[in-house]
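Quick notes on the structure that follows.
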Amino acid sequence: MVKVRLFKTVKIILLWLICLLTGYFFYHLNKLIGFIGDDFLYHFQYNGEWPATQLKSIHNIWDLLVSVVVHTQTWNGRFVGDFFIQALMQFPKIVFNFANSLVFIVVGLLINLFVVRKFTEISSLSLLLTYLLLGLLIPDFGHTMFWMSGACNYLWMTPIYLAFLWPFRWNIKEHQLQMPRFFTALMIFLGFLSGATNENIGPVVVILAYVSYLANDLNHRQSYKYWGLLAAILGMLIMLLNNSGEALNQKGHSFQFLNILWKTINYSGYLLGLIAILFLISGYLIKKHQFSFKTNDLLLTSLLAFGAAGLSVGALVLSPQLPGRTWYGATIFGIICVVTLLAFLREYLPKLTLTVIIGLNLVCLAVTVPGYLKLTNEFLAAADSFKTEIEIIEANPHKVVKVPGIKGVVTEYNPYKGTAYLESGNRPNEHWENAWMAKYYHSEGVILDLTVPVKHFKRDPLDQLAENFVKKGWSAFNLLLVK
């Protein structure tokens, strides 16, 4: 009995340790990134893509809601993400850094709660693998995770639709609930938000909820599923019917089948390969033990998750533009498919599956650790650049200033790569980002001047390790131990 309690205690400590370490490392990268692209715009009440002569600030919740409604009616219908970004832009960046790290942790936990029902039942190895797969496999990681506007539209949407789908996954019965009416109201709220997340996830959520609702016998259908489904449909329709402004600015054409196929292989090749191997092994076990997907909830969940990923990619045939971040939702469902298949295999091939999970973790760590340190070093250059810009602007209030721009942008993990930022020219207010940055910092104008020197700011121990690793490789760890 004592050994069982000790084992459970150690397991919970490990889970918390994984969450805390993941949160810290994710936060560390967040704090090195400043505002980018649309971020400055969303500090003010939305009234168009260019700053008006008399900009209105957001002072209260009513101002925020009015701004969100105007943005929804004139630009796009992703009002959930827009609400978050406009709310967060009223606070210092550090608030987003902490909140964004917490959301990332929650996403990993929710993915694993599609395997087991309780936090205490989550496998620490599975949770670690989940965070590593998120870090390595999410396409356009910089824009979906670190760019404030992008994170609010992708990362922050994930807990909403996963939380909504969780009761469907476990087929929660209303008679098991202490407050069924409150639960139904909560599901209506989550369903409405889930349907409006984005164009290639909202419809997928509706389809999954509909399938789950129909799967129950007519006399045993749960009311929360019915009302949650209707709410999700309503949210989806509002989102899809309010896309006129953004649609007018999109270039390209729909039905790019070959391009979608090629990009899917490019963005999700490793994930698809891993899923294919796991399905082949599962298929062997199905044939050997003579059971079906219908009788094993882990197999059924993995199949539905894989189907959801496919539907999310399939929805892209209607999109004229195909940035990497539009594969975000498909990757989330693909990772759910992987962890559920591994949990299934562990029931029938425990030793082999445990070896595979440990091996996957070691391989992912071997790639992630040096990659993380190199990325930290890259982000330090961006952080120095942004801090230098802000220092110059704040030292010269209400004046036209020259700033150096962002240096050292290399990888797709860097949110500054491919995102609108400062442009050169002597008429800064004619450039979109320059104009918004000036308004945000109360400057007369911001001019990009690449000859302006970038200041080198203070490094913490992890920053120093990253810089030493880039210069000296693994011997940098020896220097750390000597210190």
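Not counting sequence neighbours, the partners of Y131 by the ring-ring contact (aromatic ring centres under 6.0 Å, His included) test are F104. In this structure I357 satisfies the side-chain contact (heavy atoms from CB on, under 4.5 Å) test together with L125, L342, R346, T353, N361, sequence neighbours excluded. Listed by chain and residue number, H28, K31 satisfy the side-chain hydrogen bond (donor to acceptor under 3.5 Å, both in side chains) test with D460 (two or more places apart in sequence, or in another chain). With sequence neighbours left out, F164 forms a ring-ring contact (aromatic ring centres under 6.0 Å, His included) with F168. Under the side-chain contact (heavy atoms from CB on, under 4.5 Å) criterion, T158 pairs with V107, Y161, L162, Y328, I332, sequence neighbours left out. Under the ring-ring contact (aromatic ring centres under 6.0 Å, His included) criterion, Y24 pairs with no residue, sequence neighbours left out. Residues satisfying the side-chain contact (heavy atoms from CB on, under 4.5 Å) criterion with W227, sequence neighbours excluded, are T184, I188, S223, L230. Checked against ring-ring contact (aromatic ring centres under 6.0 Å, His included), F83 has no partners two or more places apart in sequence or in another chain.
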Side-chain donor-acceptor pairs under 3.5 Å in residues 368-377, sequence neighbours left out?
from: T368; atom 1: OG1; to: C364; atom 2: O; distance (Å): 2.7
from: Y372; atom 1: OH; to: F25; atom 2: O; distance (Å): 2.7
from: T376; atom 1: OG1; to: Y372; atom 2: O; distance (Å): 2.9

Sequence neighbours left out, cut at 3.5 Å: what donor-acceptor pairs do the side chains of residues 398-407 make with other protein atoms?
from: H398; atom 1: ND1; to: H442; atom 2: O; distance (Å): 3.3
from: K407; atom 1: NZ; to: P404; atom 2: O; distance (Å): 3.4
from: K407; atom 1: NZ; to: L450; atom 2: O; distance (Å): 3.4

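Screening residues 416-437 for salt bridge (Lys or Arg N to Asp or Glu O under 4.0 Å), with sequence neighbours left out, gives R427-E430. Applying the side-chain hydrogen bond (donor to acceptor under 3.5 Å, both in side chains) test to every pair with at least one member in residues 98-108, sequence neighbours left out, gives these pairs: N30-N100, N100-W156.
Here C19 contributes atom SG and F119 contributes atom CZ; the two are 5.0 Å apart, rounded to the nearest 0.5 Å. Note that CG of L64 and CD1 of I58 are 5.5 Å apart. Values are rounded to the nearest 0.5 Å. Rounding to the nearest 0.5 angstrom, the gap separating the OH atom in Y421 from the CD1 atom in I36 is 8.0 Å.
In this structure the side chain of I85 reaches within 4.5 angstrom of the side chain of D82, judged on heavy atoms. Considering only heavy atoms from C-beta on, I201 comes within 4.5 Å of V205 through its side chain. No side-chain heavy atom of I233 sits under 4.5 Å from any side-chain heavy atom of Y210. Side-chain contact between L322 and W327 is present, with at least one heavy-atom pair separated by less than 4.5 Å. A 4.5 Å side-chain heavy-atom check between I207 and V204 finds every atom pair outside the cut-off. Within the 4.5 Å cutoff, side-chain heavy atoms of M437 are placed close to those of E389. Side-chain contact between P92 and V95 is present, with at least one heavy-atom pair separated by less than 4.5 Å. V80 is not listed as a side-chain neighbour of T197, based on a closest heavy-atom distance of 4.5 Å or more.
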* Test F333 against L165 for side-chain contact (heavy atoms from CB on, under 4.5 Å), laying out the working first. => CA-CA 12 Å; F333 284 114; L165 292 173; 4.2 Å; yes
* Go through the steps for I111 and I336 under the test side-chain contact (heavy atoms from CB on, under 4.5 Å), then give the verdict. => CA-CA 6 Å; I111 287 173; I336 292 175; 3.8 Å; yes
* May I have the step-by-step check of side chain to side chain donor-acceptor pair (under 3.5 Å) for N200 and S319, ending in yes or no? => CA-CA 9 Å; N200 65 329; S319 177; over 6 Å; no
* L316 and T264: CA distance, side-chain angles, deciding distance, side-chain contact (heavy atoms from CB on, under 4.5 Å) verdict -> CA-CA 11 Å; L316 296 176; T264 300; 6.0 Å; no
* Evaluation steps, side chain to side chain donor-acceptor pair (under 3.5 Å), between T72 and N242 -> CA-CA 6 Å; T72 301; N242 288 277; over 6 Å; no
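Formation of a donor-acceptor pair under 3.5 Å by the T326 side chain with backbone atoms of P323 is found in this model. Between the side chain of N468 and the backbone N or O of Q464 there is at least one donor-acceptor pair closer than 3.5 Å. For R325 (side chain) and D140 (main-chain N/O), no donor-acceptor pair under 3.5 Å exists by modelled atom type. No side-chain donor-acceptor contact under 3.5 Å links S443 to the backbone of V446. With hydrogens and angles disregarded, a donor-acceptor distance shorter than 3.5 Å links the side chain of Y413 to the backbone of G135. Checked by atom type and distance alone, the side chain of D39 pairs as donor or acceptor with a backbone atom of S149 at under 3.5 Å. With hydrogens and angles disregarded, no donor-acceptor distance shorter than 3.5 Å links the side chain of D38 to the backbone of L41. T340 places a side-chain N or O within 3.5 Å of a backbone atom of C337 that can act as its donor or acceptor partner. Formation of a donor-acceptor pair under 3.5 Å by the N414 side chain with backbone atoms of V410 is not found in this model.
Of all heavy-atom pairs between P51 and W436, the closest is N-CZ2, 3.3 Å. Closest approach of L448 to L422, counting heavy atoms only: CD2-O, 3.6 Å. The two atoms that bring S312 and G329 nearest to each other are OG-C, 4.3 Å, heavy atoms only. Closest of all the heavy-atom pairs between A309 and G334 is CB-N, 4.2 Å. Across all their heavy atoms, H43 and M89 have their closest contact at ND1-O, 2.8 Å. Closest heavy-atom contact between P159 and V106: CB-CG1, 4.2 Å.
Using cut-offs of 30° and 60° for the angle between ring planes, the F386 and F35 rings count as perpendicular.
Results of the salt bridge (charged side-chain N to carboxylate O under 4.0 Å, His left out) test with D384 over K458, K455, R459 single out R459 as the only residue that passes. Each of K56, Q86, Q45 was evaluated against S67; a single residue qualifies, Q86, per the side-chain hydrogen bond (donor to acceptor under 3.5 Å, both in side chains) test.
In this model, a donor atom of one side chain and an acceptor atom of the other lie less than 3.5 Å apart for T411 and E378.
Aromatic rings of H71 and Y42 (six-membered ring for Trp) have centroids within the 6.0 Å cut-off, being under it. When ring centroids are compared, F26 and F146 come within the 6.0 Å threshold.
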